[in-house]
Amino acid sequence: MANLRDIKKRISSVTSTKQITRTMEMVSTAKIRRALDRAHQAEPYKTALTDVMLTVATDASIASDNPMLAVHEEPKRGLVIAIASDRGLAGGFNVNVDRECERIIREWRNEGIEGQIITCGRKPSEYFSSRGNVVMKFEGFSADPRLEDARMIADYICDSYVAGELDRVEVVYHHARNRVDQQLRVEHLLPLDPEMVAMAHGPRKNEDEGPKRVSSSFKFIPSAQHVLGELVPSYVLTIIHQALIDSAAAEQGARRKAMHSATENATTIIATLTRTYNRVRQASITTELNEIVAGAAALEEH
């Protein structure tokens, strides 16, 4: 059985850890509100753009001439955008994204498709540095996504898809449903088609929540093809930027949840160690008393 000094040192160590996890939980709680507000503020633009995209792209005579809407026969190259965190201590937040990306690339490999990866966050960059074909990586902004980084990713995707260097694009990230729950999402980005555009908001409980064609008539200037050519890159940029913002909010929620669990576990450990300390201390006192009584009795006999 451990002595009192060892138990006391461990209690002190766990108490210090508890203070750190409690502080990190409070910091994440303060940050998640701002991150969720930012994600909610960006959602209306994504919704409006998706509605317009669905309206224009479903016109077969317009969509047929746009290379971004072309479905490549016999796909050979696919791209996965892994959006996670620069830091750890967030439970399975980073691991879940890594595993899902590996699953997608493994399925592509079985179909004869070469998989490429764009990593957003230091953790996925480190993980895939020796496990995948990383073509671009972005680090240092997972908690505060920047539009210029999303634009670089979108430009690379659009240029590569038009040039025939990419045939499929998937986005893997966590959606912040609220301050507590995070949901792993795999969002199909390319090739675009009306069905995929209609699912741009992610899983829905009923179809009434999804985007619909705008019923009003439009006059396109200079032409419908030109408008669609401008809309598609904007749509790709918006989806990527929204995913980055959503992931930033989910990161804070995951870290808050992980630190809350760590704090509760530390409290339980401290309580268990305190009981052990008291039990060992009581046993030590009892042993000392018995030794004193035995010594006194021995002196009386002499």
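Side chains included, hydrogens not; waters and symmetry mates left out as well; all remaining heavy atoms used. Positions are given from 1 along the sequence.
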To the nearest 0.5 Å, atom CD1 of Ile270 lies from atom OH of Tyr277 at 14.5 Å

Arg99 with Glu102: basic N within carboxylate O range, under 4.0 Å:
no

Side-chain heavy-atom pair Val186, Val171 within 4.5 angstrom cut-off:
no

Look at the side-chain heavy atoms of Ile, Leu, Val, Met, Phe, Trp and Tyr, link any pair under 4.5 Å apart, and say whether Ile269 and Ile7 land in one connected group.
yes

Please find the pair of heavy atoms, one from Ala176 and one from Asp246, that lie closest to each other, and give the distance.
N-OD1, 3.0 Å

So do Cys120 and Ile153 actually touch side chain to side chain, heavy atoms under 4.5 Å?
yes

Ignoring hydrogens and geometry, is there a side-chain-to-backbone donor-acceptor pair from His241 to Ala243 under 3.5 Å?
no

Smallest heavy-atom separation, Cys158 atom then Pro233 atom, equals SG-CA, 4.1 Å

Are there more than 12 heavy atoms of other residues, nucleotides or ligands under 6.0 Å from atom CZ of Arg281?
no

Measure the CE-CG distance between Met136 and Leu79 for me, rounded to the nearest 0.5 Å.
9.5 Å

Taking Arg34 first and then Asp144, would you say they form a salt bridge - that is, a charged N and a carboxylate O separated by under 4.0 Å?
no

Identify which one of Glu100, Glu187, Glu251, Gln183 satisfies the side-chain hydrogen bond (donor to acceptor under 3.5 Å, both in side chains) criterion when paired with Tyr173.
Glu187

List the steps, then state whether side-chain contact (heavy atoms from CB on, under 4.5 Å) holds for Phe128 with Asn133.
CA-CA 8 Å; Phe128 287 109; Asn133 181 17; over 6 Å; no

Do Ile239 and Leu166 sit in the same hydrophobic cluster, where Ile, Leu, Val, Met, Phe, Trp and Tyr count as joined when their side-chain heavy atoms come under 4.5 Å apart?
yes

If you measure from CD on Gln182 to CG on Leu184, what distance do you get to the nearest 0.5 Å?
11.0 Å

Closest approach of Gly91 and Ala258, non-hydrogen atoms and distance?
N-CB, 3.6 Å

Is the backbone of Arg122 close enough, under 3.5 Å, to the side chain of Asp86 for a donor and an acceptor to pair up by distance?
yes

Any heavy-atom pair between the side chains of Leu36 and Arg33 that's under 4.5 Å?
no

Would Ile32 and Val27 show up in the same hydrophobic cluster when neighbours are defined by side-chain heavy atoms closer than 4.5 Å?
no

Closest heavy-atom pair, Gly115 versus Ile105, reported as atoms and distance to 0.1 Å, is CA-CG2, 4.4 Å

Any salt bridge linking Arg146 with Asp149? Criterion: basic side-chain nitrogen under 4.0 Å from a carboxylate oxygen.
yes

Is the shortest heavy-atom distance from the side chain of Lys123 to the side chain of Arg87 under 4.5 Å?
no

Spacing of NE2 belonging to His260 relative to CG belonging to Asn265, to within rounding of 0.5 Å
10.0 Å

Decide yes or no for Asp167 and Lys76: does some side-chain heavy atom of the first lie under 4.5 Å from some side-chain heavy atom of the second?
yes

Test item: Asp181 side-chain N/O and Arg177 main-chain N/O as donor-acceptor pair under 3.5 Å:
no

Quick one, Leu237 with Leu147, criterion side-chain contact (heavy atoms from CB on, under 4.5 Å). Give me CA distance, side-chain angles, the key distance, then yes/no.
CA-CA 9 Å; Leu237 171 62; Leu147 181 61; 4.1 Å; yes

Looking only at heavy atoms, what is the nearest atom pair of Thr119 and Lys137, with distance?
OG1-CB, 3.1 Å

Within the 4.5 Å heavy-atom criterion, are Ser125 and Phe138 side-chain neighbours or not?
no

Heavy atoms of other groups near Arg10 CZ, more than 12 under 6.0 Å:
no

Going hydrophobic residue to hydrophobic residue with side-chain gaps under 4.5 angstrom, can you get from Val14 over to Val280?
yes

Below 4.5 Å, heavy atoms only, C-beta onward: do Val172 and Ile83 meet side chain to side chain?
no

Going by distance alone, is a donor N or O of one side chain under 3.5 Å from an acceptor N or O of the other, for Tyr45 and Gln242?
no

Does Ile118 form a side-chain contact (heavy atoms from CB on, under 4.5 Å) with Val134? I'd like the steps, not just the answer.
CA-CA 6 Å; Ile118 293 179; Val134 179; over 6 Å; no

Any chance you could measure Leu244, atom CG, to Ile81, atom CD1, to the nearest 0.5 Å?
8.5 Å

Charged tip of Arg131 within 45° of Tyr127 ring normal and under 6.0 Å
yes

Where do Ser85 and Arg255 come nearest, in terms of heavy atoms and distance?
OG-NH2, 3.6 Å

Gap separating the CD atom of Glu111 from the CD atom of Glu74, nearest 0.5 angstrom:
13.0 Å

Asn96 vs His174, side-chain contact (heavy atoms from CB on, under 4.5 Å): CA-CA, chis, key distance, verdict
CA-CA 9 Å; Asn96 292 338; His174 279 91; 3.9 Å; yes

Assess whether salt bridge (charged side-chain N to carboxylate O under 4.0 Å, His left out) is satisfied between Asp6 and Lys9, documenting all intermediate values.
CA-CA 5 Å; Asp6 293 337; Lys9 285 183 178 180; 5.3 Å; no

Under a 3.5 Å distance rule, please check whether Ser12 uses its side chain to pair with a backbone N or O of Lys8 as donor and acceptor.
no

Would you indicate whether the side-chain heavy atoms of Gln116 and Arg77 approach each other to under 4.5 Å?
yes

Mind checking whether Ile240 and Met152 sit in one hydrophobic cluster, side chains of I, L, V, M, F, W, Y counted as touching below 4.5 Å?
yes

Checking the side chain of Ser28 only, and the main-chain atoms of Glu25 only, is there a donor and an acceptor separated by less than 3.5 Å?
no

